Each structure stands twice: as C-alpha cells, then as structure tokens.
Amino acid sequence: NENEIIREINHTSQRLFDNAQNILNWVRYQNNLIKVQQVNVSPFVIAEETRELLLDVAAMRKNQIENLVEMDDIVYTDKTILSIIIQNIVSNAVKYTQNNTIQIKSSWNNNRYEMIIADQGPGISANNLYRIEAIKHKMKTSNFNESADGTGLGYVIIFELADLIKAEIDIESSPEGTIVSIVI
C-alpha cells in the first residue's frame, strides 16, 4: 500500500532526524559548547513550541498533544537545555503512543517546579526501565547496545543535560502509560 510506504518513510525520516539531533546535542555537550545560561523562562512557551514542533508527527499517529502548563509560570533555568529535554521526552511519548493524548502539565511543590509529560501508550518494558535507570545513575549494563528500539542515547543526553541545570527526572511506567516528571 502506497500510503503505508509513505508513512514508513516519514517515520524512518523522523527517527533519523531525532537521532541526528541527539548526536549533535551530545557532541556539543561533550565539546563544552553548551554553556548553561540561566534566565527567567516560561515553561508554557517551551511546552507550546514543543507541541507545535511535534504536531504533524503526532497527527500521523493519531495523537494529540495538550499544553496544560500554566501560562504565568516562570522558572530560572537554561531555556535551550530545558527545551531539548522536553522535546526528547515528548517525542518519545509521540513515538510510542497511538490514537491518544500526550499531556504536558506543571505544578509547584515545595518551591520546586515540576513539568510532567504523561501519555497513555503501552508503557516502557521492565527491561528498558532498568536500562533507563542504569543510564540515569551512570551504571554499566551488559544489554545497553542490544535494544532494537533505540532506547539509550536520548536518555543519556537528557540525564546529562538535566545534571547541568540541576533538574531531576523521574519516570513511572505501566501498561496504561508513562509519566515523566522533570523537577527544577
């Protein structure tokens, strides 16, 4: 079917683009080209830019992205780094969710700001959750390179970047979906 072929080409192109972005960001970080520049940032704007960037890809998978971040929220952080983290997480949610909604939400807890990306996809397998936790804690895993779905490089980048802005990333997943929280 011609439509399926076009969809597959588009999906493959998106994956290649995501990988290229991840590699470029990683190279920049490794070469100390990413300098942390903290300013007052609107998480709503970051969420909206991410939503608009991934709108077409989400629509192809019959997904919607909702920006439920409060418009008045302001946090003191690096806008570029936070954007890269949010885009990677929302992009993963879009890739693994079909015919559903991905929500970007926010809240304040004990003077710390939390952004939450929630999807209703199939969840992350226990093996991949273990590998992601190993990446987060910089542990070595014997099966790091065995994943066919590419879990790895994007998480290496987001955890390294989160360290730069002193953010904490937590992932909860079940067969009903995944919730990723970024606490700044």
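In this chain, numbering begins with 1 at the start of the sequence shown. Remember, predicted model here, so these are calculated numbers, not experimental data.
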Scan residues 158-167 for pairs that pass side chain to side chain donor-acceptor pair (under 3.5 Å), counting only residues two or more places apart or in two chains.
-> Y29-E160, K138-D163

With the 4.5 Å side-chain cut-off for hydrophobic clustering, are I132 and I179 part of the same group?
-> no

Straight-line distance of I102 CD1 to N92 CG, nearest 0.5 Å | 10.5 Å

Please list all pairs passing the salt bridge (charged side-chain N to carboxylate O under 4.0 Å, His left out) test where one or both residues lie in residues 171-184, with sequence neighbours left out.
-> none

Is the side chain of D78 donor-acceptor paired with the backbone N or O of Q37 at a distance under 3.5 Å, no angle test?
-> yes

Any chance you could lay out the side chain to side chain contact (heavy atoms under 4.5 Å, CB included) test for I104 and I116, step after step, and finish with the verdict?
-> CA-CA 6 Å; I104 309 170; I116 299 163; over 6 Å; no

Hey, could you give me each pair passing salt bridge (charged side-chain N to carboxylate O under 4.0 Å, His left out) that has a residue in residues 83-97? Not counting sequence neighbours.
-> D18-K95

Starting at CD1 of I86, measure out to CG of L54 and round the result to the nearest 0.5 Å.
-> 11.5 Å

Nearest-0.5 Å distance that lies between atom CD1 in I84 and atom CG in L161 = 5.5 Å

Distance col, row I46:CD1 vs I81:CD1, nearest 0.5 angstrom, shows 11.0 Å

Residues I169, I85; criterion side chain to side chain contact (heavy atoms under 4.5 Å, CB included); working and verdict | CA-CA 10 Å; I169 298 176; I85 293 169; 4.0 Å; yes

Just do the side chain to side chain contact (heavy atoms under 4.5 Å, CB included) check on S83 and Q87 with the steps written out, would you?
-> CA-CA 6 Å; S83 293; Q87 286 173 13; 4.2 Å; yes

Qualifying salt bridge (charged side-chain N to carboxylate O under 4.0 Å, His left out) pairs, either residue in residues 98-119, two or more places apart = R112-E168

Where is the tightest heavy-atom contact between G154 and N88, given as atom of each residue plus distance?
-> CA-OD1, 4.1 Å

V183-F44 co-clustered via ILVMFWY side chain contacts under 4.5 Å | no

Which residue pairs pass the salt bridge (charged side-chain N to carboxylate O under 4.0 Å, His left out) test when at least one of the two sits in residues 45-64, sequence neighbours left out?
-> E48-R51, E49-K79

Report the residues that fulfil side-chain contact (heavy atoms from CB on, under 4.5 Å) with N10, sequence neighbours left out, ordered by chain and then residue number.
-> M60

Quick one: CZ on F159 to NE2 on H137, what's the gap to the nearest 0.5 Å?
-> 7.5 Å

Heavy-atom closest pair (T97 atom, N63 atom, distance to 0.1 Å) is O-ND2, 2.6 Å

Are L55 and V45 in one and the same hydrophobic cluster, where Ile, Leu, Val, Met, Phe, Trp and Tyr link if side-chain heavy atoms are under 4.5 Å apart?
-> no

How many angstroms lie between CH2 in W108 and CD1 in I184, if you round to the nearest 0.5 Å?
-> 8.5 Å

Scan the side chains in residues 68-75 for donor-acceptor partners under 3.5 Å anywhere in the protein, sequence neighbours excluded, and list what turns up.
| from | atom 1 | to | atom 2 | distance (Å) |
| --- | --- | --- | --- | --- |
| D73 | OD2 | S106 | OG | 3.1 |
| D73 | OD2 | Y113 | OH | 2.7 |

Nearest heavy-atom contact between I182 and A167 is CG2-CB, 4.1 Å

Hits for side-chain contact (heavy atoms from CB on, under 4.5 Å) against I9, two or more places apart or cross-chain, chain-then-number order -> I5, S13

For L129, side-chain contact (heavy atoms from CB on, under 4.5 Å) partners two or more places apart = I124, I171, S173

Take N100 and Q64 through the side chain to side chain contact (heavy atoms under 4.5 Å, CB included) test and state the conclusion after the steps.
-> CA-CA 6 Å; N100 226 307; Q64 294 190 15; over 6 Å; no

Residues forming a side-chain contact (heavy atoms from CB on, under 4.5 Å) with E4, sequence neighbours excluded = N1, R7

